[in-house]
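Nothing fancy with the numbering, it's 1 onward along the sequence. This is a predicted model, so every value here is computed, not measured.
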Amino acid sequence: MAKKFYVVWSGRQTGVFTDWATTQRAVDKYAGARFKSFPTRAEAEQAFGRGGSAGVPPKTSGGRKAGTPRSKRSTPHTAHRFDVSIYCDGACEPNPGNAGSGIAVYRAGKLAELWFGLYNPRGTNNTAELNALYHALRMAEAEIKSGNAVELCSDSAYSLNCIRRWAPKWEKKGWKKPGGEIKNLEIIQDCYAIYRRMEEELTLTHVAAHVGTEGNELADRMAMLGAESKERKLRLYQGTMDIPKLLKMRAG
């Protein structure tokens, strides 16, 4: 039987998956789930990048129509197929202005660590996202070296595209692109250098922002805490790991 690749545009997790069991867990009973199978990874990744547009009619499941607003309550983290799942996010208010980054780490499906900081008084949302990604990649590399299966999740299509799609092309052209400079080049190069060392072992997943995915929501709260606290280093959150209480913190 030919192998299929599954795209989930809206679900508990979004991205390109290689097996139906994982896809089903992401979309089963998820209100407004949107997903579709493809015969090749290239077609799946292209369709995911289009967001389900351009003639691709994704399936839906659940009682509500696709696009209907969901409850503000978070969906528990369910990525048990990975030993470690790392969510990273950035926040900036105003943009440009006070920027911070946040990270949420899950081990065996349970929240284990929260990190915040990397304050920049003259940052942007993109620099905050890239700073979060850089430190998340460092954490992921250490976990992979320890023998763990790792997933890294971000709601920043820009950050993921920088290291997964654009950096290889920019590098071949001497880190130049047609039409002007590459913004945030130094941090992109740093992220890409780490990613390239473990590209075949790390799973990168793009998650939708502000749809209730627990890990993404917690990383968002930590990013806002980083911006508000003006903490320049990345600090381990020492507060109580009370998820409902954490989710009531200010969102980015």
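Annotation: side-chain contact (heavy atoms from CB on, under 4.5 Å) contacts of Cys92 (sequence neighbours excluded): Asn95, Ala99, Asn125. Taking the salt bridge (charged side-chain N to carboxylate O under 4.0 Å, His left out) definition, one finds that Arg232 meets it with nothing, sequence neighbours left out. Ala227 meets the side-chain contact (heavy atoms from CB on, under 4.5 Å) test with no other residue; sequence neighbours excluded. Arg107 meets the salt bridge (charged side-chain N to carboxylate O under 4.0 Å, His left out) test with Glu113, Glu143; sequence neighbours excluded. Glu199 is linked by a salt bridge (charged side-chain N to carboxylate O under 4.0 Å, His left out) to nothing, counting only residues two or more places apart in sequence or in another chain. Shown here are the salt bridge (charged side-chain N to carboxylate O under 4.0 Å, His left out) partners of Arg41, two or more places apart in sequence or in another chain: Glu45.
Taking CD of Glu200 as the reference point, atom CD1 of Ile144 lies at 11.0 Å (rounded to 0.5 Å). Rounded to the nearest 0.5 Å, atoms CG (Asn216) and OG (Ser154) are 8.0 Å apart. Asp220 CG to Leu225 CG: the interatomic distance, rounded to the nearest 0.5 Å, is 11.0 Å. Between the CD atom of Glu151 and the CZ atom of Phe82 there is a distance of 4.0 Å, given to the nearest 0.5 Å. Ser85 contributes atom OG, which lies 11.5 Å from atom CG of Leu111 (distance to the nearest 0.5 angstrom). Atom CZ of Arg164 and atom SG of Cys191 lie 13.5 Å apart (nearest 0.5 Å).
No side-chain donor-acceptor contact under 3.5 Å links Thr22 to the backbone of Asp19. A donor-acceptor pair is defined here as one N or O able to donate and one able to accept, closer than 3.5 Å; such a pair exists between the side chain of Glu217 and the backbone of Gly212. Using a distance-only test at 3.5 Å, with no hydrogens or angles considered, a donor-acceptor pair links the side chain of Ser146 to the main chain of Ala142.
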Next item on the list: Would you check, one step at a time, whether the test side chain to side chain contact (heavy atoms under 4.5 Å, CB included) holds for Leu152 with Cys88?
Entry: CA-CA 8 Å; Leu152 195 160; Cys88 61; 3.8 Å; yes

Margin query: Using side chain to side chain contact (heavy atoms under 4.5 Å, CB included), reason through Met139 and Val150 one step at a time and then give a plain yes or no.
Written below: CA-CA 10 Å; Met139 293 178 183; Val150 181; over 6 Å; no

Check: Could you go step by step and tell me if Thr18 and Phe5 meet the side chain to side chain contact (heavy atoms under 4.5 Å, CB included) rule?
Finding: CA-CA 5 Å; Thr18 58; Phe5 296 85; 3.9 Å; yes

Next item on the list: Please lay out, stage by stage, how Leu218 and Tyr106 fare under the test side chain to side chain contact (heavy atoms under 4.5 Å, CB included).
Entry: CA-CA 11 Å; Leu218 292 175; Tyr106 287 77; 3.5 Å; yes

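Between Ala132 and Ile103, the closest heavy-atom pair is O-CD1, 3.9 Å. Considering all non-hydrogen atoms of both residues, Pro168 and Ile163 come closest at CD-O, 4.0 Å. Ala128 approaches Gly100 most closely through the heavy-atom pair CB-O, 3.4 Å. Contact record, Thr14 with Thr205: O-CG2, 2.6 Å, taken as the closest heavy-atom pair. Heavy-atom minimum distance, Gly90 versus Glu129: N-OE1, 3.2 Å. Across all non-hydrogen atoms, the minimal contact from Asp83 to Ala149 is OD2-N, 2.7 Å.
For residues 153-162, no pair satisfies salt bridge (Lys or Arg N to Asp or Glu O under 4.0 Å), with sequence neighbours left out. Among residue pairs with one or both ends in residues 113-151, none qualify as ring-ring contact (aromatic ring centres under 6.0 Å, His included); sequence neighbours excluded. A ring-ring contact (aromatic ring centres under 6.0 Å, His included) check over residues 151-172, counting only residues at least two apart or in different chains, returns the pairs Trp166-Trp170. Every pair passing salt bridge (Lys or Arg N to Asp or Glu O under 4.0 Å) that includes a residue from residues 170-181 is listed here, sequence neighbours excluded: Glu171-Arg196. A ring-ring contact (aromatic ring centres under 6.0 Å, His included) check over residues 181-226, counting only residues at least two apart or in different chains, returns the pairs Phe48-His206.
Transitive grouping of hydrophobic side chains (ILVMFWY, heavy atoms separated by less than 4.5 Å) keeps Met222 and Val84 in distinct clusters. Using a 4.5 Å cut-off between side-chain heavy atoms of Ile, Leu, Val, Met, Phe, Trp and Tyr, with links allowed through other members, Tyr87 and Leu204 fall into different hydrophobic clusters. Placement of Ile188 and Leu118 within a single hydrophobic cluster is found when ILVMFWY residues are connected by side-chain heavy-atom separations under 4.5 Å, directly or transitively. Under a hydrophobic-cluster definition in which Ile, Leu, Val, Met, Phe, Trp and Tyr are linked whenever side-chain heavy atoms come within less than 4.5 Å, directly or via other members, Leu234 and Leu133 are assigned to the same cluster. A single hydrophobic cluster is seen to contain both Trp9 and Val16, as judged by linkage of ILVMFWY side chains at heavy-atom distances under 4.5 Å, directly or through other members.
The aromatic rings of Trp20 and Tyr6 lie tilted to each other, with the angle between the two planes from 30° to 60°.
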Donor-acceptor list for residues 241-252 side chains, cut-off 3.5 Å, not counting sequence neighbours:
residue: Asp242; atom: OD1; partner: Lys245; partner atom: N; Å: 3.3
residue: Arg250; atom: NH1; partner: Glu93; partner atom: OE1; Å: 3.4
residue: Arg250; atom: NH1; partner: Glu228; partner atom: OE2; Å: 2.8
residue: Arg250; atom: NH2; partner: Glu93; partner atom: OE1; Å: 2.2
residue: Arg250; atom: NH2; partner: Glu93; partner atom: OE2; Å: 3.0

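Here the side chains of Met198 and Ile194 are in contact, with some heavy-atom distance below 4.5 Å. In this structure the side chain of Leu137 reaches within 4.5 angstrom of the side chain of Leu202, judged on heavy atoms.
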